[in-house]
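In what follows, a structure is listed as structure tokens, so that the remarks can point back to it.
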Amino acid sequence: MSVRLTRLARLFMLGLALFFAAARPALAQSILRDSETELLFKNISDPLVEAAGLDPASVKVVLINDPEINAFVAQGQVVYVHSGLLTAADNVNQLQGVIAHELGHVAGGHSIRIYDGAKQATAISILSLVLGAAAIAAGAGDAGMGIFAAGQQAALGSFLAFTRAQESSADLAGASYLSKAGISGKGSIQFFKKLQNQEYRLAIYAKDSYDRTHPLSSERIATLEGIYQKDPAWNRPIDPALEARFQRVKAKLIGYVTPQEAVKFYPETDTSVPAHYARAYAYHLGAYPEKANSEADALLATAPDDPFFLELKGQILLEGGHPKEAIAPLRKAVANAPDMPMIAVMLGHALIASEDPKNFNEAKQVLKTAVNRDNDNPFAWYQLGIVYDREGDEPRAALATAERNNLEGQDKLALASARMALAGLPQGTPDYLRAQDIAMVSENALKKDKKYREPKPKE
């Protein structure tokens with residue numbers, strides 16, 4: 001009996017462990033970064049962030065490469081949106097509804113408070129283990145197992161009720177933020193109906209949500225429809241400019257993550273901007289450079305100064321083995337969008353790949369400006385390190401490498417590179433102090449890793 005009891009207890013604790021592992025999937029998934037997409041996310045989320053009483057400068061909406069229709073908040077003020085959700089959304093209003101809900105989790109501190117629910121459930125589980133074990137020790141084996149089983153069910157029920165309460169709270173908070181921002185809740189209802197249809201396809205016909213982490217979509221729709229329909233913004237139309245931008249972003253994402261499907265969704269008979277966008281990425285990734293260039297040229301014919309069309313043209317040329325030809329459109333893109341550091345990084349890459357020493361100084365200036373605006377781009381630091389290395393500036397090349405390794409979580413490599421930089425940089429300079437910071441952070445991280453051992457000095 002005691003062996004069976006222990007196994008059941010382990011299963012319950014494993015269930016909780018798996019839940020928390022699923023709550024932090026961003027750690028195991030790739031983040032998709034794109035200047036146009038991030039700008040759209042910021043523009044549609046800022047009014048909602050302000051309505052939630054948060055600082056727009058501190059809240060980010062990040063795109064995750066995952067086909068599941070999902071969005072979540074892990075820790076901090078970051079909303080993660082799966083690529084599958086963005087491509088499943090029909091319009092920008094539906095995406096705004098999802099973001100408003102996730103901001104409800106952020107403002108409510110739910111990613112932190114979830115551990116309170118787990119703690120309460122674990123306490124119930126442990127109590128049932130103690131009482132069940134006592135009953136078994138007294139000779140009442142069946143009664144002990146009954147106590148244990150009931151306790152585990154109660155613990156799981158407590159935890160699920162806690163998470164459902166958080167979801168319901170986020171729903172109501174999201175509705176409030178949409179109202180304050182003057183944005184219709186129609187998109188929110190439309191998206192919940194999408195989820196409801198998915199539940200039907202998966203044969204989820206439960207009448208209530210007792211054994212679920214989320215309320216059923218039908219329950220959420222019933223609650224929210226009455227709230228949204230009374231709101232003055234209910235019949236407010238979608239901003240056509242935002243909708244056009246959303247359709248562009250959605251199309252380019254489909255072309256990037258599912259290139260084979262893109263040509264089906266956007267056949268060549270479709271001459272709209274989103275269709276050209278989707279096919280350009282699909283053909284580029286499918287190694288059809290002539291077709292990709294043709295689609296990019298079709299986009300530029302509609303808007304020759306659009307920085308994102310120019311970026312696409314430069315990317316196709318650069319990654320197609322024509323870095324010198326890529327420089328001109330990328331220079332123009334940077335000039336037209338000077339606050340887009342990722343485009344600047346691509347220009348720096350093209351300048352370096354041209355193998356023309358005359359371009360290296362421009363590349364260094366472009367890349368330094370880019371990392372000052374966006375310090376979280378490992379590829380930018382990699383390119384800057386190449387420039388320093390070719391100039392013979394080994395200490396700064398080592399510092400750039402340390403920055404890249406630090407961002408990629410390579411603590412041992414970051415420490416080694418930072419120490420190389422410290423050996424050659426003038427003491428007290430900003431670069432020297434930055435190398436010290438990386439060395440200290442990396443060393444502290446490594447000390448927490450029991451596998452790491454500081455090499456002993458040679459005698």
Side-chain angles (χ1 to χ4, degrees), residues 24-39 41-42 60-66 74-76 78 80-81 83 256-257 285 311 314-315 318-319 323 326 330 333-334 339-353 360 362-391 393-422 425 430-431 433-446 449 452:
R24 295 189 293 172
L27 300 177
Q29 294 166 309
S30 61
I31 292 175
L32 296 176
R33 297 206 62 191
D34 171 70
S35 297
E36 185 175 12
T37 302
E38 291 182 3
L39 181 61
F41 281 175
K42 179 172 177 56
K60 289 184 179 180
V61 182
V62 175
L63 184 63
I64 293 285
N65 190 7
D66 192 304
Q75 292 181 353
V78 182
Y80 295 95
V81 175
S83 57
Y256 182 80
V257 298
L285 293 173
E311 176 192 27
Q315 181 179 358
L318 173 61
E319 296 176 356
L330 289 173
V334 171
D339 55 344
M340 295 290 156
M342 282 188 287
I343 302 179
V345 171
M346 190 177 295
L347 171 58
H349 182 193
L351 290 165
I352 295 169
F360 291 169
E362 181 185 357
K364 181 170 69 172
Q365 298 307 317
V366 166
L367 290 166
K368 286 176 69 175
T369 301
V371 296
N372 284 334
R373 287 181 175 273
D374 180 6
N375 192 43
D376 297 330
N377 189 336
F379 186 71
W381 286 110
Y382 172 71
Q383 292 295 317
L384 190 56
I386 291 175
V387 174
Y388 285 132
D389 182 67
R390 293 188 180 182
E391 289 182 341
D393 191 342
E394 294 182 5
R396 285 180 176 78
L399 176 56
T401 302
E403 294 276 13
R404 175 169 62 90
N405 289 327
N406 181 50
L407 289 171
E408 293 176 343
Q410 301 289 337
D411 297 315
K412 192 172 182 179
L413 294 174
L415 177 58
S417 297
R419 285 174 173 171
M420 287 177 61
L422 288 169
L425 291 169
D431 285 342
L433 296 175
R434 178 58 186 162
Q436 271 191 329
D437 289 342
I438 296 175
M440 180 179 66
V441 169
S442 302
E443 192 168 13
N444 288 338
L446 287 168
D449 184 357
Y452 173 75

Query - Gap between atom OG of Ser417 and atom CG of Leu399 - 0.5 Å precision - result: 9.5 Å
Query raised in the report: Do the non-hydrogen side-chain atoms of Leu63 and Phe41 ever get within less than 4.5 Å of each other?
Result: yes
Report task. Provide the closest heavy-atom pair for Ser35 versus Glu311 in the form atom of the first, atom of the second, distance. Result -> OG-OE2, 4.3 Å
Query raised in the report: Heavy atoms, side chains only, cut-off 4.5 Å: are Gln383 and Ile352 in contact?
Result: yes
Report summary line: Of all heavy-atom pairs linking Ala418 and Ala435, the shortest is CB-O, 3.6 Å
Query raised in the report: To the nearest 0.5 Å, how far apart are CG in Asp431 and CG in Leu425?
Result: 5.5 Å
Query raised in the report: How about Tyr388 and Lys364: do any of their side-chain heavy atoms sit closer than 4.5 Å?
Result: yes
Query raised in the report: How about Met342 and Asn377: do any of their side-chain heavy atoms sit closer than 4.5 Å?
Result: yes
Query raised in the report: Given the rule in the side-chain contact (heavy atoms from CB on, under 4.5 Å) test, do Val334 and Met340 qualify, once you have shown the distances and angles that lead to the verdict?
Result: CA-CA 7 Å; Val334 171; Met340 295 290 156; over 6 Å; no
Query raised in the report: Going by an N to O cut-off under 4.0 Å, is there a salt bridge joining Glu443 and Lys412?
Result: no
Query raised in the report: What residues form a salt bridge (charged side-chain N to carboxylate O under 4.0 Å, His left out) with Arg390, not counting sequence neighbours?
Result: Glu355
Query - Set of residues satisfying side-chain hydrogen bond (donor to acceptor under 3.5 Å, both in side chains) with respect to Asp376, sequence neighbours excluded - result: none
Query raised in the report: Around Phe360, counting heavy atoms of other residues, nucleotides and ligands shown, do more than 12 lie under 6.0 Å from its CZ?
Result: yes
Requested in this report: Measure the spacing between CD1 of Ile438 and CG of Asn405 and express it to the nearest 0.5 Å.
Outcome: 9.0 Å
Report summary line: Heavy atoms of Ala370 and Ala344 approach each other most closely as CB-CB, 4.2 Å
Requested in this report: Any chance you could measure Ile343, atom CD1, to Leu330, atom CG, to the nearest 0.5 Å?
Outcome: 8.5 Å
Requested in this report: For the pair Val81 and Val61, evaluate side-chain contact (heavy atoms from CB on, under 4.5 Å) and give the outcome as yes or no after the intermediate values.
Outcome: CA-CA 7 Å; Val81 175; Val61 182; 3.8 Å; yes
Query raised in the report: Mind checking what makes side-chain hydrogen bond (donor to acceptor under 3.5 Å, both in side chains) contact with Gln436, not counting sequence neighbours?
Result: none
Query raised in the report: Can you name the nearest heavy-atom pair linking Gly348 to Ala363, along with the distance?
Result: O-CB, 3.9 Å
Query - Side-chain ion pair, Glu38 and Lys60, N-O less than 4.0 Å - result: no
Report task. For Asp34, check side-chain hydrogen bond (donor to acceptor under 3.5 Å, both in side chains) against everything at least two apart and list the hits. Result -> Thr37, Lys252
Report summary line: Rounded to the nearest 0.5 angstrom, the CG-CD1 distance for Asp66 and Ile31 is 12.5 Å
**Report entry** Asp389 side chain reached by Arg396 side chain, heavy atoms, under 4.5 Å
**Finding:** no
Query raised in the report: Among all residues two or more places apart in sequence or in another chain, which pass the side chain to side chain contact (heavy atoms under 4.5 Å, CB included) test with Asn375?
Result: Trp381, Glu403, Arg434
Query raised in the report: Salt bridge or not for Arg33 and Asp374, using N-O below 4.0 Å?
Result: yes
Query raised in the report: Which distance, rounded to the nearest 0.5 Å, do you find between the CG of Asn65 and the CG of Leu32?
Result: 4.5 Å
Report task. Report the residues that fulfil side chain to side chain contact (heavy atoms under 4.5 Å, CB included) with Asp339, sequence neighbours left out, ordered by chain and then residue number. Result -> Ala337, Arg373
Query raised in the report: Would one find more than 12 heavy atoms of other residues, nucleotides or ligands at under 6.0 Å from atom CD of Glu394?
Result: no
Query raised in the report: Between Ala380 and Leu367, what is the shortest heavy-atom contact and its length?
Result: O-CD2, 4.3 Å
Report summary line: Heavy-atom nearest pair, Leu384 first then Ala400, reads C-CB, 4.4 Å
Report task. Would you confirm whether Asn372, through its side chain, and Lys368, through its main-chain N or O, come within 3.5 Å as a donor-acceptor pair? Result -> yes
